[in-house]
Participant: 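Shown below is the structure under consideration.
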Amino acid sequence: MGKADFLSPKAISNRIKSKGLQKLRWYCQMCQKQCRDENGFKCHCMSESHQRQLLLASENPNKFMDYFSDEFKSDFLELLRRRFGTKRVHNNIVYNEYISDREHVHMNSTQWETLTDFTKWLGREGLCKVDETPKGWYIQYIDRDPETIRRQEEQARKKKQELDDEERSAKFIEEQVRRGRDSKETEENPVYTELKRESEEEKVAFKLGATSSVAGPSKSSSLLGASALKATSTKRKEASSGSDSRGEKKKKSALEEIIEMEDKKKQSVRTDYWLQPNIVVKVVTKRLGERYHKKKAVVMEVRDKYTAVVKMVDSGDKLKLDQNHVETVIPAPGKRVLILNGSYRDTEAVLEGIDEKNFCAALTLDSGPHKGKRVDVAYEDFAKLA
């Protein structure tokens with residue numbers, strides 16, 4: 001019987017059937033051939049090519065099983081990482097997406113008999129976090145990529161810095177409230193002192209009103225009383241002026257502290273863009289190939305704050321890159337750098353030393369109103385000048 005025509009109904013039906021997934025029991029992993037029915041699978045098992053593959057596998061069966069197991073594990077984890085990231089997901093959902101590829105490696109050719117065994121093995125090897133629930137096994141991918149770990153550490157450090165700024169502000173406000181309460185209590189509760197005479201011979205006299213039935217005091221005693229009252233009023237005026245001056249002094253110190261706090265806030269203000277012209281950067285993206293990966297370049301122009309036109313140092317090629325595709329270059333001590341972020345942004349400085357433990361460097365400002373000042377700046381906040 002001749003072969004059916006390409007556009008005949010039978011040929012079209014055969015092509016439609018071959019597109020979808022077929023039954024697993026009619027699939028030969030060694031030959032990577034899918035049969036549509038039992039008769040086809042029987043004919044394939046009797047073929048010479050299948051017999052040759054069986055002879056090869058019988059010589060070293062562990063080698064083929066390890067190969068298929070490694071392929072299955074790599075493809076499964078790659079799908080889990082790319083599709084779900086580090087989210088917690090049911091293992092059957094991931095497996096259903098994996099077998100939707102017609103060319104996938106079947107589990108019956110690996111060292112694991114069931115999906116549950118494979119899930120438990122992932123947990124024992126530390127590749128995923130696995131837990132069993134009444135609904136089945138759930139898995140969560142563990143990302144150990146060095147770039148991801150570095151990004152997480154940087155985010156944690158920035159978050160800690162923001163929390164430190166908030167705690168510092170809260171402490172400053174509490175200190176101001178405490179000082180205000182102390183000053184208020186001092187004003188409401190005046191301090192009384194003991195009445196003392198300047199000399200023992202001095203007499204204390206009181207001047208009574210004209211309507212009093214008691215005879216008025218002598219002239220000398222009246223003069224003494226007037227002088228005592230005058231001295232008392234003078235002391236009260238001095239005390240009130242002294243308290244006012246102390247209050248002004250307190251207000252002035254609080255104002256100075258507020259100004260100092262504002263300066264600290266300005267220093268902690270950061271932006272999410274840092275590109276500047278005439279700085280040296282390093283290309284870290286692999287999308288451009290090995291030709292430009294880990295190669296140095298000079299920023300020629302900055303566009304829209306986040307994009308830069310760079311010129312490669314080695315080849316002289318000009319590229320347009322995003323700031324996420326490059327990183328700053330730290331020169332040797334004694335070289336000139338440009339601060340890219342923070343309160344001293346756009347300030348030129350000289351690199352004095354590097355603190356590897358705290359991921360920062362000591363810089364001496366070389367321009368601006370703070371020239372000559374020594375500051376500590378994080379690695380990503382400064383770059384070598386071209």
Side-chain angles (χ1 to χ4, degrees), residues 146-147 150-151 153-158 160-162 164-165 259-260 262-286 288 290-386:
E147 184 67 21
R150 187 189 66 81
R151 196 183 305 114
E153 291 177 352
E154 184 178 355
Q155 291 177 355
R157 185 172 59 81
K158 289 182 179 179
K160 183 180 179 182
Q161 184 179 2
E162 292 176 359
D164 292 342
D165 294 339
I259 294 174
E260 184 179 355
E262 291 295 329
D263 292 339
K264 289 182 179 179
K265 285 185 179 179
K266 288 180 180 179
Q267 292 181 8
S268 62
V269 170
R270 298 173 56 84
T271 58
D272 57 349
Y273 57 89
W274 53 267
L275 288 173
Q276 294 288 346
N278 299 324
I279 62 172
V280 181
V281 295
K282 183 185 291 185
V283 180
V284 295
T285 181
K286 294 183 179 179
L288 303 177
E290 296 296 331
R291 180 181 178 185
Y292 301 112
H293 183 54
K294 296 294 183 181
K295 296 297 183 351
K296 294 181 181 179
V298 179
V299 178
M300 307 300 294
E301 181 184 355
V302 179
R303 298 178 182 177
D304 301 330
K305 296 182 181 179
Y306 301 93
T307 309
V309 178
V310 302
K311 182 178 181 182
M312 304 304 297
V313 176
D314 295 339
S315 59
D317 298 341
K318 288 189 176 181
L319 305 174
K320 184 179 179 181
L321 299 173
D322 188 81
Q323 71 173 10
N324 293 329
H325 297 159
V326 295
E327 66 179 8
T328 57
V329 174
I330 302 175
K335 299 292 184 179
R336 294 178 62 80
V337 297
L338 181 67
I339 300 178
L340 308 175
N341 218 335
S343 59
Y344 303 107
R345 186 186 181 96
D346 300 332
T347 304
E348 295 183 6
V350 177
L351 179 62
E352 299 294 341
I354 297 175
D355 187 356
E356 296 181 357
K357 185 177 181 181
N358 297 321
F359 302 100
C360 63
L363 306 179
T364 301
L365 304 182
D366 199 30
S367 62
H370 302 284
K371 184 176 181 181
K373 185 178 180 180
R374 187 184 177 96
V375 294
D376 292 334
V377 182
Y379 286 163
E380 63 271 14
D381 292 343
F382 71 92
K384 178 183 178 181
L385 279 171

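Any value given below was found using the heavy atoms of this structure, including those in side chains, with hydrogens, waters and symmetry copies removed.
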Participant: Look at the side chain of Asn358 and the backbone N and O of Cys360, then say whether any donor-acceptor pair between them is shorter than 3.5 Å.
Facilitator: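 Flag not set: sc Asn358 to bb Cys360 has no pair under 3.5 Å.
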Participant: Taking salt bridge (Lys or Arg N to Asp or Glu O under 4.0 Å) as the test, write out the residues that go with Glu327, two or more places apart.
Facilitator: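 Not a single residue meets the salt bridge (Lys or Arg N to Asp or Glu O under 4.0 Å) criterion with Glu327.
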Participant: Quick one: NZ on Lys384 to NZ on Lys282, what's the gap to the nearest 0.5 Å?
Facilitator: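 So the gap between those two atoms works out to 11.0 Å.
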Participant: With Phe359, which residues qualify under ring-ring contact (aromatic ring centres under 6.0 Å, His included), at least two apart?
Facilitator: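 Scan of Phe359 (ring-ring contact (aromatic ring centres under 6.0 Å, His included), adjacent residues dropped) gives none.
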Participant: Quick check: closest heavy atoms across Leu275 and Ala308, and the distance to 0.1 Å?
Facilitator: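 Shortest heavy-atom contact: CD1-CB, 3.7 Å.
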Participant: May I ask you to decide if Leu340's main-chain N or O and Arg345's side chain share a donor-acceptor pair within less than 3.5 Å?
Facilitator: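 Yes, because the side chain of Arg345 sits within donor-acceptor range (under 3.5 Å) of the backbone of Leu340.
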Participant: Could you grab the distance from atom OG1 of Thr285 to atom CG of Asp322, nearest 0.5 Å is fine?
Facilitator: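 Rounded to the nearest 0.5 Å, the OG1-CG separation comes to 10.0 Å.
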Participant: Among residues two or more places apart or on two chains, list those pairs meeting ring pair (Phe, Tyr, Trp, His ring centres under 6.0 Å) that have a residue in residues 298-329.
Facilitator: Tyr273-Tyr306
Participant: Among residues at least two apart in sequence or on other chains, which ones pass salt bridge (Lys or Arg N to Asp or Glu O under 4.0 Å) with Arg157?
Facilitator: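 Arg157: salt bridge (Lys or Arg N to Asp or Glu O under 4.0 Å) contacts with Glu380.
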Participant: Is there a donor-acceptor contact under 3.5 Å linking the side chains of Arg291 and Ser315?
Facilitator: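 No pair is found: no donor N or O on one side chain lies under 3.5 Å from an acceptor on the other.
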Participant: Specify the closest pair of heavy atoms between Ala383 and Val280, including all atoms of both residues, with the distance to one decimal.
Facilitator: CB-O, 4.1 Å
Participant: For Arg150, which residues count as a salt bridge (Lys or Arg N to Asp or Glu O under 4.0 Å) partner, sequence neighbours excluded?
Facilitator: Glu147, Glu154
Participant: Would you indicate whether Lys296, at its atom NZ, is surrounded by more than 12 heavy atoms from other residues, nucleotides or ligands within a distance under 6.0 Å?
Facilitator: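 Not more than 12 within 6.0 Å, no.
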Participant: Side chains of Ile279 and Trp274, heavy atoms from C-beta outward: is any pair under 4.5 Å?
Facilitator: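 Yes - at least one pair of side-chain heavy atoms lies under 4.5 Å apart.
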Participant: Taking only residues two or more places apart in sequence, or in another chain, which ones meet Met300 in a side chain to side chain contact (heavy atoms under 4.5 Å, CB included)?
Facilitator: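 For Met300 the side chain to side chain contact (heavy atoms under 4.5 Å, CB included) partners, ignoring immediate neighbours, are Val298, Lys311.
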Participant: Examine the side chains of Ser367 and Glu348 and answer whether a donor and an acceptor come within less than 3.5 Å of each other.
Facilitator: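 Judged by distance alone, the side chains do not pair up.
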Participant: Does some side-chain heavy atom of Asp376 sit less than 4.5 Å from a side-chain heavy atom of Asp355?
Facilitator: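 Asp355 vs Asp376: side chains apart.
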